[in-house]
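Just so you know, these numbers use all the heavy atoms, side chains as well, and skip hydrogens, waters and symmetry mates. Below, chain A is the first sequence line, B the second, and so on; all start at residue 1.
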Amino acid sequence: MVRVAVSEGAGGGGVVRPLAEDGTPSGPAVEVDDLVAEIGERERDGAPRWVWPSTARLAPRLLAAGVRVARCHDLELVESLLLGHAGRYGEPRSVAAAWARLRGEPVPDDPLPGATVSAQASLFGDEAPVGDDIERVVAVHAEQQRGIAKLHGFALLTAAESAGALVAAEMTHAGLPWSAERHDALLTEMLGPRPSGGLRPRRLQELADRISDAFGGRGHVNPDSPAQIQKAFASAGLPVNSTRAHVLKSVDHPAVPVLLEYKELSRLHTAHGWSWLDTWVADGRFRPEYVVGGVVSGRWATNGGGALQIPRVLRKAVVADPGWTLVVADAAQLEPRVLAALAGDRAFAEAAAHGDLYSALAGAFGDRDDAREKAKIALLSAMYGGGTGEAVQLLSVLRTRFPDAFEYVESAARAGERGHLVRSLLGRTCPPPSAGWRELTIAGEETAAQALRSRGRFTRNFVVQATAADWALVLLASLRRRLAAMGPPELVFFQHDEVVVHAPCEQADEVVAAVHDAAREAARLLFGATRVLFPMETAVVDTYADAK
DNA sequence: AGTCAATCTCAA
DNA sequence: CATGTTGAGATTGACT
């Protein structure tokens with residue numbers, strides 16, 4: 001496939017240069033005045049794979065001009081993946097840094113996020129002239145291609161990561177349909193009308209007053225202050241070591257139910273109240289900034305807006321446009337299925353070849369009513385590193401029935417405890433332990449044992465969570481390609497193992513089919529001919545809240 | 001007035 | 001002896 005290297009210049013211009021697959025230039029560098037228009041034209045002519053420093057910086061400009069591209073190679077994201085694989089976590093990933101590493105020169109720190117090309121140039125003063133930049137892009141890309149070719153799975157991983165960056169930019173551009181009216185109505189219903197200034201909403205103030213009263217009314221107890229709450233309980237002869245909801249639930253005091261209600265509503269008000277609405281919703285759309293590869297395991301993060309923690313009650317505010325619908329799809333029990341496929345455990349894969357995985361495994365836990373629940377606890381413990389109380393017995397059942405799956409996560413935990421790196425199926429690599437960790441573990445004290453176990457839990461979970469993220473990313477890339485061929489439908493939300501597509505009603509069935517096809521394709525690309533199924537639960541709804 | 005850790009709850 | 005993963009984000013309260 002043809003590739004085209006891109007370097008952004010100041011003032012909307014730039015330089016492009018065609019490349020062969022291995023990164024060798026196949027034509028001259030061409031300086032253009034309007035980079036966005038140039039990319040649009042070349043995309044229409046032949047849809048090359050665009051090789052550029054950062055999708056997150058360039059794609060918003062392209063999308064604003066109505067230019068969509070099919071494929072790219074994001075040099076910064078790929079650099080991060082390659083550095084991570086080499087155990088060099090967190091080193092600078094800019095093209096300038098990669099170029100410096102290539103030449104054995106001092107490596108510059110990455111610029112702060114948000115800086116524009118021209119701002120960076122003036123900040124660092126000594127940047128090379130524009131004509132030089134394209135040569136850096138070409139050289140860094142060629143080196144990355146050499147690195148990718150040596151690593152099994154990396155070609156798919158880097159392509160999917162880059163496609164993910166395009167999805168992220170497009171989702172921010174499209175926005176999640178969000179009804180400010182319904183959001184406001186929900187808040188008013190639960191909290192009372194919107195207060196002026198920084199006052200507490202009526203309902204919260206009532207609850208706060210009742211809490212003070214319940215503690216005897218002598219002076220105010222600020223329910224927002226854990227310290228004051230703890231003191232108040234101590235004065236009432238009911239000392240608590242924390243003010244968490246699940247701790248308070250076991251305390252018998254009239255303030256408790258009021259406090260729990262206050263906490264829940266207060267959380268809604270502070271995290272997703274009117275000021276959130278003012279800040280994040282405009283023109284009927286919620287537009288968070290997604291950070292691809294922002295989590296060590298390859299899951300995405302977001303910058304502002306708390307998009308990955310939208311409370312369930314607020315999903316009522318996510319409403320399709322008239323004549324449109326939301327296709328909500330989530331991968332059922334993704335992580336245990338990933339473990340089954342990853343470990344190649346025959347007995348486990350057999351169980352995972354059916355609908356409900358936990359029910360399928362329940363047989364291993366005997367003939368009891370709560371066998372499914374036990375199977376679930378055992379699986380989650382195996383993946384999260386639990387093992388207290390009841391989970392001990394459950395884990396031993398798992399070990400005898402599904403030895404390969406058990407051994408897979410155990411061996412990841414042992415590798416972690418030895419300070420080794422572990423990787424996802426496609427090669428995404430966990431960060432190495434810190435210097436502080438190594439010091440701790442030398443000490444040989446209780447704190448050392450604690451640090452070892454903690455690292456083991458991390459690596460045990462990493463192999464599963466990161467491979468699940470691999471799978472989800474490949475699914476996303478596949479789904480994006482299928483939706484692009486359909487026209488209007490757009491991806492508007494992605495959260496670890498769940499996607500939302502906004503589509504014209506008449507295309508809903510087609511979108512549902514595309515989701516299932518994409519899931520199958522992802523399973524095949526990662527695991528080949530595995531028997532494990534990766535079912536997607538889909539719902540076609542007017543509002544996100546109706547999905548489940 | 002700004003920074004930072006601790007605490008808490010939300011999501012998968 | 002105790003052993004549950006990854007995050008975002010708001011607030012308090014201590015510190016500079």
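- Ring pair A:H253/A:F215: centre-to-centre distance below 6.0 Å.
- Proximity of the aromatic rings of A:F494 and A:Y290 is defined here by a centroid distance below 6.0 angstrom, and this criterion is not met.
- A donor-acceptor pair under 3.5 Å is formed between the side chain of A:D110 and the backbone N or O of A:R93.
- Across all strands shown, A:R460 has no heavy atoms under 4.0 Å from either base or sugar-phosphate atoms.
- For the residue pair A:L326 and A:D542, the shortest heavy atom distance occurs at CD1-O, 3.7 Å.
- Cation-pi contact between A:R372 and A:Y358: absent, since separation from the ring centre below 6.0 Å together with deviation from the ring axis within 45° is not met.
- Chain A approaches DNA chain C over the interval C:dC1 to C:dG13, counting the first and last nucleotide 5' to 3' with an atom under 4.0 Å from its heavy atoms.
- Residue contacts shown for A:G456 are absent, as no nucleic acid heavy atom lies under 4.0 Å away.
- Taking 3.5 Å as the limit, the base of B:dA12 and the side chain of A:R299 contain a donor-acceptor pair of atoms between them.
- Contact annotation for A:V464: no contact, since no heavy-atom pair falls under 4.0 Å across all strands.
- Among the atoms of the strands shown, only primed sugar atoms or phosphate atoms (P, OP1, OP2) are found under 4.0 Å from some heavy atom of A:R244.
- Nucleic acid contact class of A:Q495 (heavy atoms, under 4.0 Å, all strands): sugar-phosphate only.
- Counting any heavy atom pair closer than 4.0 Å across all strands shown, A:S454 reaches no nucleic acid atom.
- Ring centers of A:H183 and A:W276: under 6.0 Å apart, within the cut-off.
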